[in-house]
Amino acid sequence: EPEVTQTPSHQVTQMGQEVILRCVPISNHLYFYWYRQILGQKVEFLVSFYNNEISEKSEIFDDQFSVERPDGSNFTLKIRSTKLEDSAMYFCASSFFGGQPQHFGDGTRLSIL
Amino acid sequence: GIQVEQSPPDLILQEGANSTLRCNFSDSVNNLQWFHQNPWGQLINLFYIPSGTKQNGRLSATTVATERYSLLYISSSQTTDSGVYFCAVGGYQLIWGAGTKLIIKP
């Protein structure tokens, strides 16, 4: 069964540095998403992406964050000037269409020191 | 925005017991999914069930969309069922409940 893959599985970064989290969505899916989960808390929506542009974003997704689909397979989340509170598990997901089931990757655990 | 409430927050059972987890949501939705988060943090997709009933082995789920709730049933629990169960609802973005932490004791 096709799956969403995320790299790296764990990223440790110094506060203030930039970090890029990478995802390869399922190949025929058209919608892509990023979510985050701070340790012990619920999962929170960050952003959705369709047709090479952001379709929805949450209040969390401020100017510090950006997303990109640099080629036909990768989908990236960039966090500029990381803060301690950015430490979380970041999940990428994809779906064939909006409202259809979202398939999740295994996540990237981001630790900011 | 849509509110999602899950109950109970914690559940401790002996192996072999049955359980029912509930998810209430505040508005009509196009998407409702149940996930199991295992101890390694992975989100395992259990059901896509915006309405109706589905079964997969020992697990089944029912969503009554008109009354805005969904139920996840786990029968004959095993220790590997332990973890956090999340309900997530929405259309294009998923809004998540706080989860039910399930512990199955041998």
Side-chain angles (χ1 to χ4, degrees), chain A residues 1-6 8-11 23 26 29-51 53-61 67 87-111, chain B residues 1-10 21 23-52 54 56 59 61 63 65 70 72 83-103:
Chain A
E1 182 176 325
E3 57 183 31
V4 176
T5 57
Q6 290 187 242
S9 56
H10 192 188
Q11 174 85 43
C23 170
I26 294 173
H29 284 184
L30 303 177
Y31 279 77
F32 316 119
Y33 313 85
W34 284 101
Y35 294 83
R36 80 171 185 189
Q37 184 183 31
I38 295 171
L39 187 63
Q41 297 187 20
K42 66 170 72 174
V43 179
E44 301 170 290
F45 168 77
L46 291 178
V47 66
S48 61
F49 191 85
Y50 170 72
N51 199 25
E53 60 183 28
I54 291 173
S55 52
E56 287 184 317
K57 62 182 181 178
S58 70
E59 292 179 352
I60 302 169
F61 194 88
V67 289
S87 294
M89 180 79 97
Y90 288 80
F91 292 101
C92 174
S94 69
S95 64
F96 179 70
F97 203 69
Q100 294 296 302
Q102 296 184 19
H103 298 257
F104 282 73
D106 288 343
T108 293
R109 186 171 300 281
L110 177 63
S111 301
Chain B
I2 298 173
Q3 305 296 314
V4 183
E5 293 183 357
Q6 291 187 243
S7 60
D10 299 280
L21 283 57
C23 172
N24 293 331
F25 47 97
S26 61
D27 204 349
S28 59
V29 297
N30 296 322
N31 185 355
L32 189 149
Q33 293 180 248
W34 282 98
F35 296 88
H36 175 211
Q37 187 164 43
N38 65 22
W40 297 270
Q42 296 171 319
L43 290 169
I44 311 301
N45 195 347
L46 299 176
F47 293 103
Y48 167 73
I49 187 164
S51 65
K54 290 186 177 179
N56 184 3
L59 274 61
T63 298
S70 183
L72 177 69
V84 183
Y85 289 80
F86 288 104
C87 167
V89 310
Y92 291 79
Q93 61 171 279
L94 289 177
I95 307 301
W96 297 67
T100 292
K101 184 175 181 180
L102 178 63
I103 297 173

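So that the names make sense, note that chain A is the first sequence line, chain B the second, and so on, each numbered from 1.
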Which is it for A:Phe104 and B:Trp96 under the ring pair (Phe, Tyr, Trp, His ring centres under 6.0 Å) test, yes or no, and what are the steps along the way? CA-CA 14 Å; A:Phe104 282 73; B:Trp96 297 67; 5.6 Å; yes
Between B:Tyr48 and A:Gln102, does the side chain to side chain contact (heavy atoms under 4.5 Å, CB included) criterion hold? Intermediate values first, please.
CA-CA 9 Å; B:Tyr48 167 73; A:Gln102 296 184 19; over 6 Å; no
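Looking at every heavy atom in both residues, B:Asn31 comes nearest to A:Gln100 through ND2-O, 3.3 Å. Scanning both residues, B:Trp40 and A:Met89, for their nearest heavy atoms gives O-CE, 4.3 Å.
For the atom pair CZ (A:Phe97) and OH (B:Tyr92), the distance works out to 5.0 Å, reported to the nearest 0.5 Å. Distance CG/B:Asn38 to CG/A:Asp106: 8.5 Å, rounded to 0.5 Å. Between A:Phe45 atom CZ and B:Leu94 atom CG the span is 9.0 Å, to the nearest 0.5 Å.
Residue B:Gln33 touches chain A through its side chain alone, counting heavy-atom pairs closer than 4.5 Å. No part of A:Tyr50 comes within reach of chain B, as not one of its non-hydrogen atoms sits under 4.5 angstrom from that chain. Of the atoms belonging to B:Phe47, not a single heavy atom falls under 4.5 Å from chain A. Proximity to chain B (any heavy atom under 4.5 Å) is restricted, for A:Gln37, to the side chain, taken from C-beta onward.
With chain A as the partner, the residue from B:Leu43, B:Leu32, B:Asn30 showing the most heavy-atom pairs under 4.5 Å is B:Leu43. Between chain A and the options B:Pro50, B:Gly97, B:Ala88, B:Gly1, the largest number of non-hydrogen pairs under 4.5 Å is found for B:Gly97.
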